[in-house]
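Note sheet for the following structure.
These numbers come from the heavy atoms of this one structure, side chains and all, not from hydrogens, waters or symmetry mates. It should be emphasised that the depicted structure is a prediction, and the values quoted were computed from it without experimental measurement. Remember, it's 1-based here, ligands and their atoms both numbered in the order they're listed. Numbering starts at 1 and runs along the sequence shown.
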Amino acid sequence: MANAYRSLPSVDKLLADRRLRPLEAAHSRQLVTDAVRQVLEAGRSAIARGEPAPTPDQLVASVVAEVESLAQISLRSVINATGVVLHTNLGRAPLSRETTTAMDSVSGYINLEFDVANGARGSREVHLSSLLCRLTGAEAALVVNNNASAVLLALSALAKRKEVIVSRGQAVEIGGGFRIPDVMRQSGARLVEVGTTNCTYLSDYEEAITDRTAALLRVHSSNFKVVGFTQEVGVDQLVQLGARHDLPVLDDLGSGCLLDTSRFGLAPEPTVQDSIAAGVALAFFSGDKLLGGPQAGIVVGQRYLIEKLRKHPLARAVRIDKTRIAGLAATLLHYLKGQAEQRIPVWQMISLHPDEVESRAREWAAQFKGLATVTKGESVVGGGSLPGGTLPTWLLTIKGTGKAGQRIAVQELAARLRAGQPPVVGRLEGNSLLLDPRTVRPEDDRVFIEALRQALDSLGVRPDA
Ligand SMILES: *Cc1c(COP(=O)(O)O)cnc(C)c1O
């Protein structure tokens, strides 16, 4: 083993390798030196584990790979073949072309807070508020970093050291550690839970109102469904109760849909317009869920309350940046022009007819004769919207057993697909790998097919001719 250690070159010797010279020119000597040290350290660890010492060629290859991975951003495009339209781990809503163009176009100096006509200071809010008011019917709007921060800001600005009444069935965890009770505590508001997990009545709210009450809060149960014997108070009734006691109703809608989801065979998701029309004081929703835009937290509602939020110190801490303001404006314009289904990827995918999905699945399958079949399945909207909301779909299905007794290790196939360039993410179910065309952009079909071919090939599996 001592011999094995001695076979490793010194840092200087490895650095002097001719094959590393282009790296130094393209990056920096420091970066290459760090990589050399790291690779030699890994070599010593390998020897300590009883593995053979890496050869000079292997060392050079490792240094090249290390520098190249360090000198690259680690975010990359992924082909989402999971069939989950809003996949939080895959970046939620994919953006429309117009949205990315708009985000790109404001990367330099822009009139973010500058009134070009008068040469005076302007406000970053003007770029979105009139669009949002027009689309939702609200008096005023404010956009911040994300919906969790919007709710935190509102509770801090309106209910600190006071009480907020919420149905026990709505004191929920949305995922990623976002729990309504925790957010309330963080804001300094006291949560008063009323009713029971499955049933809350108007009288429960009414009896809990005291002179310390600052607001009534409604939270959309965006990622679960309570079925069976249930009772929640409708937003209209809540608004009437609030009006009788001069209390604002705050409505955390979660996804914040602007379109009628029942048109697509989905359960009706509450729309922002309906909430505003029902008279809630403020409604909160995300930019990157069903709205289909960049990450943002949108608050719409009564002007005097929006002003309170805007003036609160937290507003500055959770403000949104110029690129997302531009992107959100471009996404909202699709709605204004009545082109949401045509232009916004989330809605393109949701509105895709099963027949179209089937014909793409069959085109895919034709490339993988004897290895893949087309089966009926379900796509999921996901991302904290439409709990249980699924859409009928067609899947390219690769079973654990392929042609003529040839076995495909589907777990390994899924891993090879994820390791590909670009990575492809599918869904493993039982002993099958399922790939859903609904969430794969048609322009990616060729790349997808090539990635699958290579992954199968690397396992020694080839389709029938
Ligand atoms: C998703 C969700 C949030 C959090 O929104 P982010 O934009 O992810 O911060 C808050 N409330 C509800 C009801 C949600 O569904």
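Residue S149 has no N or O atom closer than 3.5 Å to an N or O atom of ligand 1. Remark: ligand 1 and N147 share an N or O pair separated by less than 3.5 Å (distance only, no angle test). By the 3.5 Å distance cut-off applied to N or O atoms, A148 is counted among the residues near ligand 1.
To the nearest 0.5 angstrom, M184 atom CE is 14.5 Å from R179 atom CZ.
Judged by the shortest distance from any of its heavy atoms, K289 lies inside the 4.0 Å radius around the atoms of ligand 1. Within the 4.0 Å heavy-atom shell around ligand 1 one finds R92.
The side-chain hydrogen bond (donor to acceptor under 3.5 Å, both in side chains) test applied to D288 returns R92, not counting sequence neighbours.
Under 3.5 Å, the side chains of H220 and Q170 contain no donor-acceptor pair of N or O atoms. A donor-acceptor contact closer than 3.5 angstrom is absent between the side chains of T397 and S432.
Just one residue in the list I306, L217, D251, V300 forms a side-chain contact (heavy atoms from CB on, under 4.5 Å) with L282, and that residue is I306.
Against a heavy-atom cut-off of under 4.0 Å, S286 is close to the following atoms of ligand 1: 5 (O), 6 (P), 7 (O). Residue contact check: H220 has heavy atoms under 4.0 Å from atoms 13 (C) of ligand 1. Close approach of ligand 1 to G254 (heavy-atom distance below 4.0 Å) involves ligand atoms 12 (C), 13 (C), 14 (C), 15 (O).
Comment: D182 engages R185 in a salt bridge, judged by a side-chain N to carboxylate O separation of less than 4.0 angstrom.
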